[in-house]
Amino acid sequence: MKYQAKKRFGQNFLQDTFLIQHILQLIKATDCETFIEIGPGLGALTNPLSQIIETIHVIEIDNDIVNFLATQPYADRLIIHHQDVLNFNFNELPSPQKIVGNLPYNISTPLLFKLSEYIHLIDSMFFMLQKEVAERLIAQPGSSQFGKLSVLLQYFFDIEILLEIPPTAFEPIPKVDSAFIRMLPNEGYHGKVDDWAQFSKLIKQAFSMKRKTIFNNLKSTLDKKTLLELGINPSLRPEDISIEKYVLLSNHLHK
Ligand code: SAM
């Protein structure tokens, strides 16, 4: 019987075998302590991965999929965590961790924010995402896509789009294009912010209205003089300001 994909769990299964082989080469699966796959589904990646990795931790929310996986010939290579990945405690697994997944699109943004809290455990991450989200993740200052997601994730990770993927690579066929990305913990900014909660609050406020100037968005928190002293032109839009400047601003507010 053909498996009926569930929309509510963002189930679009990879079906392009050439693409799957390409993804496996990019992941270089063998060289890591702990290998984790988020949302294994019907095993499009899990099955070939199990031929090169002895133990794969898979995190899956769907009962039917968990039952399916448990009956597969490669089941003895899996440690199945039957739960919502948004509640998963990655501290329970040894590090360094390599984390991969063709992510359910409806949870990809909160999941990426959650994973940044576990940066100390992460070796590398490889994800399939909606192309539009991937473009926001890699956007640089000056681009209209540069926003909250770009700043808060580039603060922790070097992010690169490795492949762009058409909807026809999946079954059922989604409405949007996808991209396969790599995220590597970044030494650049990490640790430079004095107070992370304050920094993320500042970024949310700075980008609250993207069409307004940085001064307009932040005027309840600071004045023009302070922005000028920090080398930030108050009439710039939030997307025109670099991560370094936002770090400076946040640390100034912290003092
Ligand atoms: N890896 C498979 C593939 O590439 O064909 C399936 C990918 S499918 C896009 C997303 C998978 O994530 C599904 O198996 C779905 O059931 C699972 N999933 C959805 N929401 C989840 C959640 N909150 N926690 C864990 N798994 C989830």
Side-chain angles (χ1 to χ4, degrees), residues 1-27 29 34-53 55-75 77-93 97-118 125-134 162-183:
M1 194 183 74
K2 197 170 175 294
Y3 179 84
Q4 187 65 42
K6 298 187 184 91
K7 227 178 179 166
R8 69 178 186 283
F9 292 142
Q11 292 177 351
N12 296 95
F13 301 114
L14 266 169
Q15 56 152 9
D16 178 333
T17 45
F18 180 76
L19 174 65
I20 291 168
Q21 282 312 316
H22 197 165
I23 287 177
L24 292 173
Q25 283 164 8
L26 292 169
I27 292 173
T34 302
F35 194 92
I36 304 168
E37 186 186 2
I38 297 171
L42 302 175
L45 295 170
T46 330
N47 185 2
L49 280 167
S50 72
Q51 289 159 29
I52 38 180
I53 305 172
T55 307
I56 309 177
H57 291 268
V58 293
I59 307 170
E60 175 59 60
I61 197 169
D62 184 349
N63 213 12
D64 294 335
I65 296 235
V66 166
N67 291 337
F68 167 88
L69 290 170
T71 61
Q72 295 310 296
Y74 53 87
R77 295 219 156 190
L78 306 184
I79 297 179
I80 301 176
H81 304 269
H82 180 191
Q83 72 182 89
D84 183 341
V85 66
L86 294 176
N87 298 327
F88 189 77
N89 180 4
F90 287 82
N91 283 319
E92 283 173 6
L93 301 182
Q97 300 176 358
K98 191 170 272 205
I99 307 176
V100 307
N102 169 14
L103 297 184
Y105 294 150
N106 50 342
I107 63 157
S108 57
T109 312
L111 177 63
L112 292 177
F113 283 129
K114 176 187 164 87
L115 285 167
S116 60
E117 292 168 23
Y118 294 103
M125 305 198 290
F126 294 82
F127 294 130
M128 183 78 78
L129 299 165
Q130 223 170 310
K131 189 175 154 201
E132 181 255 323
V133 175
L162 302 177
L163 299 171
E164 292 188 1
I165 294 154
T168 48
F170 305 91
E171 171 60 38
I173 297 177
K175 289 200 179 70
V176 292
D177 285 331
S178 300
F180 185 68
I181 65 163
R182 177 176 54 210
M183 300 176 74

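Order of listing sets the numbers, starting from 1, for every ligand and every atom in it.
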To which protein heavy atom is atom 5 (O) of ligand 1 closest, and what is the distance rounded to 0.1 Å? L14 N, 2.8 Å
Is the closest heavy-atom distance from E37 to ligand 1 below 4.0 Å? yes
Of all the non-hydrogen atoms in the protein, which one sits nearest to atom 14 (O) of ligand 1, and at what distance? E60 OE1, 2.7 Å
Based purely on interatomic distance, does L103 place a nitrogen or oxygen under 3.5 Å from a nitrogen or oxygen of ligand 1? no
Q72 side chain to F68 backbone, donor-acceptor under 3.5 Å: yes
Are the side chain of H82 and the backbone N or O of I61 linked by a donor-acceptor pair below 3.5 Å? yes
Can you check whether I27 reaches K98 side chain to side chain, under 4.5 Å on heavy atoms? yes
Residue part near ligand 1, for I107, under 4.0 Å between non-hydrogen atoms: side chain
Looking only at non-hydrogen atoms, which of I23, I38, L42, I61 approaches atom 18 (N) of ligand 1 most closely? I61
Taking non-hydrogen atoms only, is K6 closer than 4.0 angstrom to ligand 1 via side chain, backbone, both or neither? neither
Could you tell me whether the side chain of E37 reaches within less than 4.5 Å of the side chain of F126, counting heavy atoms only? no
Is there any N or O on P104 that sits under 3.5 Å from an N or O of ligand 1? no
Do any heavy atoms of L86 fall under 4.0 Å from ligand 1? no
Determine, stepwise, if the pair L19 / F180 fulfils side-chain contact (heavy atoms from CB on, under 4.5 Å). CA-CA 10 Å; L19 174 65; F180 185 68; over 6 Å; no
Heavy-atom nearest neighbour in the protein, as seen from atom 19 (C) of ligand 1, with distance rounded to 0.1 Å: F9 O, 3.0 Å
Side chain or backbone, does Q11 bring an N or O within less than 3.5 Å of an N or O on ligand 1? yes
Looking only at protein heavy atoms, identify the closest one to atom 2 (C) of ligand 1 and say how far it is in Å. P40 O, 3.3 Å
Say whether, by atom type as modelled, one donor and one acceptor occur between the side chain of N102 and the main chain of N12 under 3.5 angstrom. yes
Would you check whether Q83 reaches within less than 4.0 Å of ligand 1, judged by its heavy atoms? yes
Would you mind reporting whether I65 and Y3 have side-chain heavy atoms less than 4.5 Å apart? yes
Less than 3.5 Å between some nitrogen or oxygen of V85 and one of ligand 1, yes or no? yes
What is the ring orientation for F88 with H81, classed by angle as parallel under 30°, tilted 30 to 60°, or perpendicular over 60°? perpendicular
Identify the closest protein heavy atom to atom 10 (C) of ligand 1: which residue and atom is it, and at what distance? N102 O, 3.5 Å
If only atom types and distance count, is the side chain of Q97 paired as donor or acceptor with the main-chain N or O of T34 below 3.5 Å? no
Give the atoms of ligand 1, by number and element, whose distance to some non-hydrogen atom of I59 is under 4.0 Å. 25 (C), 26 (N)
Tell me: protein heavy atom nearest atom 8 (S) of ligand 1, and distance? G10 O, 3.7 Å
Within the distance-only criterion (no hydrogens, no angle test), does the side chain of Q15 pair as donor or acceptor with the backbone N or O of T168 below 3.5 angstrom? yes
Proximal ligand 1 atoms for D62, defined as those under 4.0 Å from one of its heavy atoms: 16 (O)
Ligand 1 to D84 polar contact by distance, N or O atoms, under 3.5 Å: yes
Heavy atoms only: which of G39, P110, G41 is nearest to atom 1 (N) of ligand 1? G39
Spell out, as yes or no, whether a donor-acceptor pair under 3.5 Å connects the side chain of R77 to the backbone of I53. yes
I99 vs Y118, side-chain contact (heavy atoms from CB on, under 4.5 Å): CA-CA, chis, key distance, verdict: CA-CA 11 Å; I99 307 176; Y118 294 103; over 6 Å; no
